[in-house]
Amino acid sequence: MNEQDARKHFIKYTRSSGLRVTPERLEVLDCVLAWEGHFEADSLFLHLKTHGSKVSRATVYNTLSLLHKCGIVSRYRFSEGYSQYERTAGRPHHDHMICTQCGKIIEFENRRVVRLQDVLCTAQKFKPTYHSFQIFGVCQTCRGEKD
Ligand SMILES: [Zn+2]
Ligand SMILES: [Zn+2]
């Protein structure tokens with residue numbers, strides 16, 4: 001799904017959910033589509049605010065929730081307390097390693113992970129819609145400081 005398709009998909013999804021496509025929601029969508037990497041809802045809100053947007057925090061949160069439901073962003077809980085998002089539209093699928101000390105996130109792509117998922121699901125007669133594979137540990141930099 002490229003960015004233009006993502007926009008159309010979001011508009012269609014929002015309307016079919018009985019919600020209005022407001023300029024504020026589209027502002028959040030455009031900001032998400034332009035964002036590289038992972039972000040928290042509050043970072044997105046602050047970014048919009050410092051760029052003169054009048055979008056409320058509540059609109060940011062509920063638009064992110066809509067974007068998550070319609071598959072334009074992924075939502076992760078890498079640590080306690082808050083969620084991180086990232087755009088999936090226009091980016092290849094990947095998984096994550098998370099450093100529990102500094103919070104660094106390493107992205108990786110591995111076709112064997114994807115293939116293994118198919119093997120496992122077939123064995124259980126399970127039809128996967130998406131998967132989320134996260135490895136928690138300590139990154140090289142953090143280990144280096146301790147040694
Ligand atoms: Zn680290
Ligand atoms: Zn990622």
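Here the structure is a predicted model, which means the values were calculated and not measured.
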(request) Considering non-hydrogen atoms only, spot the tightest contact between Pro128 and Phe126 and give its length. (result) CD-O, 3.4 Å
(message) In the structure I gave you, are the side-chain heavy atoms of Tyr85 and Leu67 within less than 4.5 Å of one another anywhere?
(response) no
(message) To the closest 0.5 Å, what do you measure between OG1 (Thr88) and CZ (Arg75)?
(response) 12.5 Å
(request) Decide if atom CD of Gln124 counts as having more than 12 heavy atoms of other residues, nucleotides or ligands within a radius under 6.0 Å. (result) no
(request) Look up atom CG in Asp42 and atom OH in Tyr61, then write down how far apart they are to the nearest 0.5 Å. (result) 3.5 Å
(request) Please answer whether the main-chain N or O of Arg77 pairs with a side-chain N or O of Ser83 as donor and acceptor at a distance below 3.5 Å. (result) no
(request) Supply the atom-to-atom distance Arg25 CZ to Ile11 CD1, rounded to the nearest 0.5 angstrom. (result) 12.0 Å
(request) Kindly work out whether a path of hydrophobic side-chain contacts (I/L/V/M/F/W/Y, heavy atoms less than 4.5 Å apart) joins Val113 to Met97. (result) yes
(request) Could you tell me how the ring of His38 sits relative to the ring of His94: parallel (under 30°), tilted (30 to 60°) or perpendicular (over 60°)? (result) perpendicular
(request) Check the hydrophobic clustering (I, L, V, M, F, W, Y; side-chain heavy atoms under 4.5 Å; chains of links allowed) and say if Val21 and Leu48 are grouped together. (result) yes
(request) Give the minimum heavy-atom separation between Ala6 and Ile72, together with the two atoms involved. (result) O-CD1, 3.2 Å
(request) List the steps and the verdict of side-chain contact (heavy atoms from CB on, under 4.5 Å) for Val32 and Leu64. (result) CA-CA 9 Å; Val32 164; Leu64 279 173; 3.9 Å; yes
(message) Under 4.5 Å side-chain heavy-atom separation, chaining through any Ile, Leu, Val, Met, Phe, Trp or Tyr, what else clusters with Ile105? Say none if it is isolated.
(response) Tyr76, Phe78, Ile98, Phe136
(request) Measure across Cys139 and Cys99 and return the closest heavy-atom pair with its distance rounded to 0.1 Å. (result) N-SG, 3.4 Å
(message) Nearest 0.5 Å, please: how far is CZ in Arg87 from CD in Glu36?
(response) 4.5 Å
(message) If I compare all heavy atoms of Gln101 with all of Cys142, which pair ends up nearest, and what's the gap?
(response) OE1-CB, 3.7 Å
(request) Take Thr14 and Thr22, measure what side-chain contact (heavy atoms from CB on, under 4.5 Å) needs, and give me the verdict at the end. (result) CA-CA 10 Å; Thr14 304; Thr22 60; over 6 Å; no
(message) Among Gln134, Glu86, Gln84, exactly one meets side-chain hydrogen bond (donor to acceptor under 3.5 Å, both in side chains) together with His96. Which residue is that?
(response) Glu86
(request) Show the numbers, then the answer: is there a side-chain hydrogen bond (donor to acceptor under 3.5 Å, both in side chains) between Glu24 and Thr59? (result) CA-CA 7 Å; Glu24 290 78 17; Thr59 300; over 6 Å; no
(message) I need the Gln117 CD to Thr122 OG1 distance, nearest 0.5 Å.
(response) 9.5 Å
(request) Please round to the nearest 0.5 Å and tell me the distance separating atom CZ of Arg7 and atom CG of Asn2. (result) 12.5 Å
(message) Ignoring hydrogens, what is the shortest heavy-atom contact between Phe45 and Ser56? Give both atom names and the distance.
(response) CE1-C, 3.7 Å
(message) Run the ring pair (Phe, Tyr, Trp, His ring centres under 6.0 Å) test against His47 and tell me which residues pass, sequence neighbours left out.
(response) Trp35, His51
(request) Examine distances only and state if a side-chain atom of Thr63 and a backbone atom of Leu29 form a donor-acceptor pair shorter than 3.5 Å. (result) no
(message) Which heavy atom of Val60 sits nearest to which heavy atom of Ala41, and what is that distance?
(response) CG1-O, 3.7 Å
(request) For Asp95 and His131, run side-chain contact (heavy atoms from CB on, under 4.5 Å): C-alpha distance rounded to whole Å, both residues' side-chain angles, the deciding distance at 0.1 Å, then the answer. (result) CA-CA 9 Å; Asp95 294 300; His131 83 260; 3.2 Å; yes
(message) Does Glu40 have more than 12 heavy atoms from other residues, nucleotides or ligands lying within 6.0 Å of its CD?
(response) yes
(request) Evaluate the side-chain contact (heavy atoms from CB on, under 4.5 Å) criterion for residues Val28 and Phe10: first the C-alpha distance (whole Å), next the side-chain angles of each, then the deciding distance (0.1 Å), finally the verdict. (result) CA-CA 11 Å; Val28 174; Phe10 175 72; over 6 Å; no
(request) Please confirm whether the backbone N or O of Val138 pairs with a side-chain atom of Arg143, one donor and one acceptor, at under 3.5 Å? (result) yes
